[in-house]
Structure formats: C-alpha cells, structure tokens
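Quantities reported herein were computed from a predicted structural model and do not represent experimental measurements. We name chains A, B, ... by the order of the sequence lines, and we start the count at 1 in each one.
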Amino acid sequence: MMGMYSKIPFMSFSTTTAYILAGATATGKTSTAQILAEQMGCGILSADAMLVYKGMDIGTAKPTVAERGHVLYTGIDLVSPSEPFSTGRWIESAADTLKLSVASGTPAGPVPPKASLIVVGGTGLYIKALTDGMHSAVAHPDVRSKWQTVFEQSGINGLQIAIQQRAPEGLKFLTDLSNPRRLLRALEQLETQGTLPDQWKKNDASKAPVVVLSLPREQLHRRIIQRVDQMFRDGFIEEVRALRNVYPTWSATAAKAIGYEEVCALLDNTLTQEAAREKMIIRTRQLAKRQETWFRHQTQAQWLTITEHDTPFAIAERVLYLWRHHGPTTIQIPR
RNA sequence: GGCGAGGUAGCUCAGUUGGUAGAGCAGCGGACUGAAAAUUCGCGUGUCGUGGGUUCGAUCCCCACCCUUGCCA
C-alpha cells in the first residue's frame, strides 16, 4: 500500500561531476567563482533562480559582461521576465552544459582536477536537484491553476480533503500540511502522474560535499546594506523602468524578485525610496537566513566561514583547497 | 511659559476597573522533489520614563521631576 504512493516514475539519469560553490546571498560567491574559473580554465554554471531572467541584472547582482572576462557562463539569461519558468527548465538547461563539459574533458588550467565545470549559486533547490536527481512530474500550470481556484474557494482544508480523496493515506507522506504551495503541487502531481511528490534524503555523507560560504550574521547584514545602496547608485531604478517598458507584464516569480517588486512599487508611487530600500534590506536578510537553513539541513555541505575582510583571492584559495581535498561532487542529470 | 496628549519588547502600539503584561513588524529557529529571491510552521522577561506617596500588594491611583509631542502664547 505504501508503494502506491512512493512509486517513482521511470526516468534515467547519467552521472557526472562538478565543483560546487554555494552560500547565502552577498557572501561573495560570484567573485570567488570567477577567480577559480579563470585559474581552472573552465566555465561557470549559475544555480540561481533569479539570474535566469534576461535584463534583471543590477537587482540580481548578476556579474557584468566585463566581470565575466573570458569565462563562459551558463544558467543565466535563459528567459524573459514575462515568461514562466520552472526548476525543470533550469535542470534541462544545466544538463545541456554538463553534457558538453563532460565531452570537453579535462580543462587546460594548472592544478585542479578533472571536473571541468564550476556550479555556483544560492538556490538550494537547484543544487539539490543536481546532486540528488529530480524525478517528479513536469509542471502543469493549467492543472495548478485549477487547484488554485479550489484553494481560493475552500481554503487549505479543501486541498487536504482533495488529497485524501485521491490518496487516502496521502497526508501522512507529506510535510508542511498548511502550506498551500506544497499541497497545490502535490495535487498537481497526483492528477498528472498519480503519485505524491517524493522526499529527498536530508544529505548523503557518501558523496563529496558542496562548499558553502558563510559570513557571520552581523557582517552579512552589513554587507547586504552596502549592496542594496550600491544597486541604487548603479542605476537600479532606471533598469527597472526600462525593463517595464520592454516587458509590461512579468511572471509571478519575476515580479516577486527582491528589489524588483519594491522598485516597481516605487515607480507606481506606492512606496517611497527609503521604504523600498528598507524592504529590500529586510527581505534580503530573510532570504539569506532561509538559504543557510537549507544548506545546513538539506545539503551535504562543507562550510567555509569567511569574514568581511577576506579578499576574493584568499577565499578562492581556501575553496580550492577544499575542492581538492574532497574532490568534485557527483551530480545526476536526466538523460 | 500656559493648557492638553503621551512615555510599556529592537520598532509601532494594545492592556491591566490595583494581583508585575501581549499583538503586528523586526529578529531567531524549522520545513522544503518542476513557482524556491517562492511558500510555510514555531519561538514573546520587558528596570511597563525617574523618584517618592497611598496600599498586604503599584506598570495601573496620587505628587514631583525628566523627556517627547500638539495647540496657545
């Protein structure tokens, strides 16, 4: 009876490896990865759910073309802000570059080893999907919106009842039963595939860990403030204004991106600039905390505590040491 | 200077007809399989402005003082 709910759809994966650098926002992952990619002569795959949007540059702290130098970046600028996106689409794109990087073999650079790709990002879900493989139903926006209507009409309870009707023991296999998103997704998958979403193992000590950069909370908070202020100085408001002219309507996800939501409100005169700044700082802090929680519990992590005074080069050196020591992380890509 | 209003959690404020107090936000912690910068769950001891007085007992009532703020001068 349990098998009925834990059935895994047939899907085949191939295995490869990559060096992975993760961490909360504003810890300096990007500049560190840039240095390492230059030293290792390899490309960078971004694992960041907001860098996928074209034109959303300043507010997402996307590395500029100048900063990228000769390093090839993938996983960025995949869709326009008006297009809906999904984790699955990111995986597909990631799989393409991973296949290429396997084919191209060992990079030219000096020391480090065989993996010819660096994965950097703060989106834990994307990284977990890479290391643990994601085998679940593809996104069905139409089915999802149908259940969204049910939720609006009969609340969280209506969703729980619907799940029970389709899978009598189903609620026992789910966590977070008061989270509409999760129940909506469960129903979406039940309806399209007949199974409930599986649960990942917390972490897998048998594989090489992901290196996770961490800055003491107080220092991180200071850096977040500096970063938000720098965004405004770099013309963030102008970027959003121009982007809105090109794309009048944005996907739900892009519209909720930190900074973009606030600056849109600022442009609509429903928020002062000071209030927008304050909200951006607070939301970024909250994001960073959630990211750390994820990496703490959901990934096999090798933490690297840095300070605000460390230079990117010094940090890169320590990351490289850890990568060399542990070796690249095994990842699974859909065939 | 006069009159009024107010000083309670990091912030905005509620409350106790006298038995030492609780919301929102912030913060902290947790969850997380195709929307994830999303979504969601949990965590509330603080000289109740200071000093006196009344009282078995004061954050609450009384007096003085300090501070903030509004109006009038």
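Proximity of A/T25 to the phosphate of B/A37: no side-chain N or O atom is located under 4.0 Å from OP1 or OP2. Contact between the side-chain N/O atoms of A/K202 and the OP1/OP2 oxygens of B/A31 is found at a separation under 4.0 Å. Note on A/R185: every side-chain N or O is 4.0 Å or more away from OP1 and OP2 of B/A36. Proximity of A/R283 to the phosphate of B/A38: a side-chain N or O atom is located under 4.0 Å from OP1 or OP2. In terms of phosphate contacts, A/Y126 brings a side-chain nitrogen or oxygen within less than 4.0 Å of OP1 or OP2 of B/A36. Using a 4.0 Å cut-off, some side-chain N or O of A/T253 falls inside it from OP1 or OP2 of B/A36. In terms of phosphate contacts, A/Q298 brings a side-chain nitrogen or oxygen within less than 4.0 Å of OP1 or OP2 of B/C32. Put simply, A/T123 has a side-chain N or O that comes within less than 4.0 Å of OP1 or OP2 on B/A37. Contact annotation: A/K256 reaches the phosphate of B/U39 (side-chain N/O to OP1 or OP2, under 4.0 Å). Listed pair A/R290 / B/A38 meets the phosphate criterion, a side-chain N or O lying under 4.0 Å from OP1 or OP2. Of the side-chain N and O atoms in A/R285, one or more sit less than 4.0 angstrom from OP1 or OP2 of B/G27. Residue A/Q286 has a polar side-chain atom (N or O) positioned under 4.0 Å from OP1 or OP2 of B/A26. Taking side-chain N and O atoms only, A/T293 has a distance below 4.0 Å to OP1 or OP2 of B/G30. For B/A31, one of the phosphate oxygens OP1 or OP2 lies less than 4.0 angstrom from a side-chain nitrogen or oxygen of A/H297.
In this model, a side-chain donor or acceptor of A/K289 finds a partner on the base of B/G29 within 3.5 Å. Side-chain N/O atoms of A/S136 and base N/O atoms of B/G34 include a donor-acceptor pair closer than 3.5 Å.
A donor-acceptor pair shorter than 3.5 Å cannot be found between the side chains of A/T25 and A/Q291. Counting only N and O atoms by type, the side chains of A/Y73 and A/E67 include no donor and acceptor under 3.5 Å apart. Side-chain polar atoms of A/Q226 and A/Q230 form no donor-acceptor pair below 3.5 angstrom. A/R182 and A/T175 share a donor-acceptor pair across their side chains, judged by distance under 3.5 Å alone.
One P atom belongs to B/G4, the other to B/G10, and the distance between them is 32 Å to the nearest Å. Straight-line distance between the P atoms of B/C13 and B/G70: roughly 14 Å, to the nearest whole Å. Nucleotides B/C48 and B/G42 are separated by 30 Å at their P atoms, to the nearest Å. One P atom belongs to B/G19, the other to B/A37, and the distance between them is 50 Å to the nearest Å. Straight-line distance between the P atoms of B/U8 and B/U47: roughly 11 Å, to the nearest whole Å. Distance check on atom P: B/U54 versus B/C63 gives 15 Å, rounded to whole Å. Nucleotides B/C11 and B/A26 place their C1' atoms 7 Å apart, quoted to the nearest Å. Straight-line distance between the C1' atoms of B/G53 and B/U59: roughly 16 Å, to the nearest whole Å.
When rounded to the nearest whole Å, the span between CZ of A/F13 and C1' of B/G34 equals 12 Å. As a whole-Å value, the separation of A/F295 CZ from B/A31 C1' is 15 Å. Atom CG of A/L174 is separated from atom C1' of B/U40 by 14 Å (rounded to the nearest Å). Per the geometry, NE2 belonging to A/H221 stands 7 Å off P belonging to B/G27, to the nearest Å. Atoms CD1 (A/I258) and C1' (B/A38) sit 10 Å apart, rounded to a whole Å. Distance, A/E261 CD to B/A35 C1': 14 Å, rounded to whole Å. As rounded to whole Å, 12 Å separates atom C1' of B/U39 from atom CH2 of A/W294. At whole-Å resolution of the value, CG in A/L184 and C1' in B/U33 are 16 Å apart.
When each of B/A31, B/U33, B/A37 is scored by its nearest atom to the side-chain atoms of A/A49, the top-ranked nucleotide is B/A37. For A/P180, counting side-chain heavy atoms from C-beta on, the closest listed nucleotide (B/G34, B/A38, B/U40) is B/U40.
Applying the side chain to side chain donor-acceptor pair (under 3.5 Å) test to pairs two or more places apart or on separate chains, those with a residue in residues 147-156 of chain A are A/W147-A/E191, A/Q148-A/E152. For residues 80-91 of chain A, every residue pair satisfying the salt bridge (charged side-chain N to carboxylate O under 4.0 Å, His left out) rule, not counting sequence neighbours, is listed here: A/E83-A/R89.
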Q. Can you give the dot-bracket line for RNA chain B, using ( ) for pairs inside the strand, [ ] for pairs that cross earlier ones, | for pairs with another strand and . for unpaired bases, where Watson-Crick and G-U count if both distances are under 3.5 Å?
A. (((((((..((((.....[..)))).(((((.......))))).....(((((..]....)))))))))))).
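Looking at heavy-atom distances under 4.0 Å, A/G124 makes no contact with the nucleic acid at all. Contacts of A/T60 with the nucleic acid, taken as non-hydrogen atoms under 4.0 Å apart, include base atoms. Within the 4.0 angstrom heavy-atom criterion, only backbone atoms of the sugar-phosphate kind lie near A/R182; the bases stay farther away. Residue A/D132 is out of contact with every strand shown, counting any heavy-atom pair closer than 4.0 Å.
Ion pairing between A/E308 and A/R223 fails under the 4.0 Å rule for side-chain N and carboxylate O. Taking 4.0 Å as the cut-off between side-chain N and carboxylate O, A/D229 and A/R277 count as a salt-bridged pair. Ion pair A/R217/A/E292 flagged as a salt bridge, since at least one NZ, NE, NH1 or NH2 atom sits closer than 4.0 Å to an Asp/Glu carboxylate oxygen.
No more than 12 heavy atoms of other residues, nucleotides or ligands shown are found within 6.0 angstrom of NZ on A/K172.
Nearest-nucleotide assignment on RNA chain B puts the 5′-proximal partner with A/E292, out of A/E292 and A/T87. Both A/R217 and A/Y260 lie close to RNA chain B; mapped to their nearest nucleotides by heavy-atom distance, the more 5′-ward contact belongs to A/R217.
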Pairs of donor and acceptor atoms involving the side chains of residues 295-302 of chain A, under 3.5 Å and at least two apart or interchain, shall be tabulated with distances.
unit_1 : atom_1 : unit_2 : atom_2 : d
A/T299 : OG1    : A/F295 : O      : 2.9
A/Q302 : OE1    : A/H326 : NE2    : 3.0

Show the atom names and distances, to 0.1 Å, of all donor-acceptor pairs under 3.5 Å that link a side chain in residues 47-54 of chain A to residues at least two apart or in another chain.
unit_1 : atom_1 : unit_2 : atom_2 : d
A/D48  : OD1    : A/M50  : N      : 2.8
A/D48  : OD1    : A/L51  : N      : 3.2

Q: Could you walk me through whether A/R283 and A/E262 pass salt bridge (charged side-chain N to carboxylate O under 4.0 Å, His left out), step by step?
A: CA-CA 10 Å; A/R283 286 184 68 200; A/E262 287 76 19; 2.8 Å; yes
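Under the stacking criterion of a centre-to-centre distance below 5.5 angstrom and an interplanar angle below 30°, A/W200 sits stacked against the six-membered ring of B/U33.
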Which protein N or O atoms sit under 3.5 Å from an N or O of nucleotides 9-12 of chain B?
none

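Note that the CZ atom of A/R285 and the CG atom of A/L287 stand 12.5 Å from one another [nearest 0.5 Å].
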